[in-house]
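Only a predicted model underlies this, so the values are computations on that prediction, with no experimental measurement involved.
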Amino acid sequence: MGTDTSSSANGKRIAKNTALLYVRMFLTMAITFYTSRVVLLQLGVNNYGIYSVVGGIVAMFAILSASLTSAISRFLTFELGKGGGPRLRLVFSTSVWIQMLLAMAIVLLVETGGIWFLNNKMVIAPERLSAAHWVLQCSLATFVINMLSVPYNAAIIAHERMQAFAYVSLLEVTLKLGVALMLYYPPFDSLVFYAVMLLVAAAAIRLTYGIYCKRHFTECHMEARFEKGLMKEMLKFSGWNFIGSASGVLRDQGVNIVINMFCGTALNAARAIAMQVYQAIGGFSQNFMLAVNPQIIKSYAAGDKDYTLRLAFQSAKLSYFLLLCLSLPLLMEMPFVLKLWLSDVPDYADSFASLMLLFGLSESLSIPLQFVNQATGRIKVYQLIVGGMQMLNFPLAYLLLRFGASPDSVFVLAIVISQCCLGARLLILRRSVGLDILKFLKRVYAPAIGVTILGAMLPFILSRCIICDNWGKLIGNCALQFALTVATIYLVGCNRAERDFVREKALALWSKICRRGA
C-alpha cells in the first residue's frame, strides 16, 4: 500500500510539473519563433549564419562543461533521494568550485585554439571577420556565465521547483525578444550589438537564478571549502561522461562547422532555423522528461529498481507520442510553415528541419534510458560504447560532404546512428540493471513504430489533397492531422489498461465540466 501511495504521489508531482513546463513551453515557443523571425530579418542570412557557426566554436569546448553539468545534476538529485543532509551543501559548494576552475580552462582554450580556428579555417567574408571576433568574445563570456548558473539550475530541478524554472525561462525569452526588437535601431554594427546584448541578458538570468536559490534552498550558499574525495568522485564520473558530452557536441556543433567548411554560412543559417524548429517542438517531450528525471534518479537512490524501470518505459513511450503528435502535422506542411514564419527561407531549411524532427523522435526513445544509466553511476562501459558510436557523426559527416553528398545526408546519418545507440543502450542496461529488452520492444518500440506508420498515412494523403496556401487551410489541416494522430495513438499505441485509464480520466473531466455548466 505504501509503495502504491508513493507512486501515486510521484505521478501527481510529475503531472503537475509537466503541466507547468508545458505552459512555459507554449509561451516560450511563441516568443522564440517571433524572435527568430525578427533576428533573421534584421541580421540577414549571412550574419545569422556567422553568429550560429562562430558561437559553435565556443560550444565545441562545451564538451568539458557538459560532462560536469550532468554530474552535478546527478549528485544533487541523488543526495536528495537519500534524504539530503549536510552532504548536500558540500555537493553544491564543490560543484561551484569545479565550474569556476573549468571556466578558466575553457577561456584559455578559446582564446588560443578558438581564435586560431576562426582566423585560419572558417569560411567568413574578410569584411565581417572583425564582427566575428566580437561574436566569439561575447559568446565565450555568455558561455562562462551560463556555466556558473549550472549548479543553481540543477538545484531547482532536483527540488522539482518547476514553477520557478518556468518563470525564469519566460524572463529569459522575454529578454531575448527585447534584444531582437532593439535590432530595428542598433546603435552600431547589428551583429556585434546582438552578441553584446545577449551577454547582458545572460548576466541578468544568472543573477536571478542565484537570488532565488539562495532564498529557497539552504544548500545553495557558496562556501570556501570542498571535499577532495567528493571532488575526485565527481570528476571521475564526469571524466567518463566526457565521452558522451564530446560525442553530442561533435554531432551538433562539429557537424555545423563541417557544413560551414563545405557549404558556407548560408547553410549554417538554414541549420540554425532547423534547430529552432527542433528545439521548439522537441521541447515538449524534453520538458516532460525534465519533470521525470528527478523521479528516476530518486527512486533508484531509494532502491526501488522496479519502479525506476517502469517509469523509464512509460516515459519513453509517452515522450515519443507527445513529440509525434506535434511533429507529424509540421512534417506534412513544413515548406509553407517556414514561408509564413520567415518570409525569406534559406535553402535546405525545410529539409533540415524535417530531418531534425525525425532525429528528435528517434532520440526521445533513448532519453529515459540515459537517465537510468546516470542514476546507477556506472557509466564507464556505457560512455565508451554509446559515446564512441555517437562520435562517428563528425568524421562520417566530413567524409560524406568531402565526397560530394547532399547536405541532407549528415542529418540522415545522425538518425541512423541514433537508432544504433538505442540498441546499445538496451544491451548495456540489461546487464547493469536487469532491463528486459523484449519487454521494452513490446511495450515501447513496437507501439511507437506502429503508430508512426499508421498515423502518417492519412495526414500524408490529406496534405496532398488540401494544399495549404493560407492560414485558414494550415490551421485546419494541422488540427485534423493532430486529431488523427491522437486517435491512432489511443487505438494502436495504448494497451487495454492505458485506454481504460484515458477513458476514465476523460469521463471524469467531462462530468466535472457538466456539473460546472449546470
**Message:** Does Y212 form a side chain to side chain contact (heavy atoms under 4.5 Å, CB included) with F217? I'd like the steps, not just the answer.
**Reply:** CA-CA 8 Å; Y212 178 86; F217 310 134; 4.0 Å; yes

**Which residues share a ring-ring contact (aromatic ring centres under 6.0 Å, His included) with F411, sequence neighbours left out** = F352

Please give me the minimum heavy-atom distance between [X] and [Y], naming the atom from each residue.
| X | Y | value |
| --- | --- | --- |
| L199 | C138 | CD1-O, 4.3 Å |
| R128 | D189 | NH1-OD2, 2.9 Å |
| L267 | P407 | CD2-CG, 3.6 Å |
| I115 | L136 | CG1-CD2, 3.7 Å |
| A397 | L413 | N-CD2, 3.7 Å |

**Fill in**
Residue pairs meeting ring pair (Phe, Tyr, Trp, His ring centres under 6.0 Å), one or both in residues 250-276, sequence neighbours left out, come to F262-Y398

**Message:** Between Y300 and V372, is the side chain to side chain contact (heavy atoms under 4.5 Å, CB included) condition met? List the steps.
**Reply:** CA-CA 8 Å; Y300 187 89; V372 173; 5.6 Å; no

**Message:** With a 6.0 Å cut-off (strictly less than), is the heavy-atom count around CZ of F188, excluding the residue itself, greater than 12?
**Reply:** yes

**Request:** Give a yes or no on whether D408 atom CG has more than 12 heavy-atom contacts from other residues, nucleotides or ligands under 6.0 Å away.
**Result:** yes

Can any side-chain N or O of [X] pair as donor or acceptor with the backbone N or O of [Y] at less than 3.5 Å?
| X | Y | answer |
| --- | --- | --- |
| S354 | S351 | no |
| N373 | Q370 | no |
| T452 | A448 | yes |

**Item:** Steps toward side chain to side chain contact (heavy atoms under 4.5 Å, CB included) verdict (F440, L369)
**Value:** CA-CA 11 Å; F440 180 88; L369 304 180; 4.3 Å; yes

**Message:** Taking the side chain as everything from C-beta on, heavy atoms only, tell me whether F371 gets closer than 4.5 Å to I367.
**Reply:** yes

**side chain to side chain donor-acceptor pair (under 3.5 Å) pairs, two or more places apart, involving residues 410-426** = S362-S418, S362-Q419, E363-S418, S366-R425, Y382-R425, Q419-Y445

Working to the nearest 0.5 Å, report the span between [atom1] of [X] and [atom2] of [Y].
| X | Y | atom1 | atom2 | value |
| --- | --- | --- | --- | --- |
| M332 | S327 | CE | OG | 10.5 Å |
| Y348 | D350 | OH | CG | 10.5 Å |
| E172 | L177 | CD | CG | 13.0 Å |
| I257 | N268 | CD1 | CG | 9.0 Å |
| C421 | L426 | SG | CG | 11.5 Å |
| Q390 | Q383 | CD | CD | 8.5 Å |

**Asked** Which is it for H133 and Q137 under the side chain to side chain contact (heavy atoms under 4.5 Å, CB included) test, yes or no, and what are the steps along the way?
**Response** CA-CA 6 Å; H133 276 276; Q137 297 301 324; 5.5 Å; no

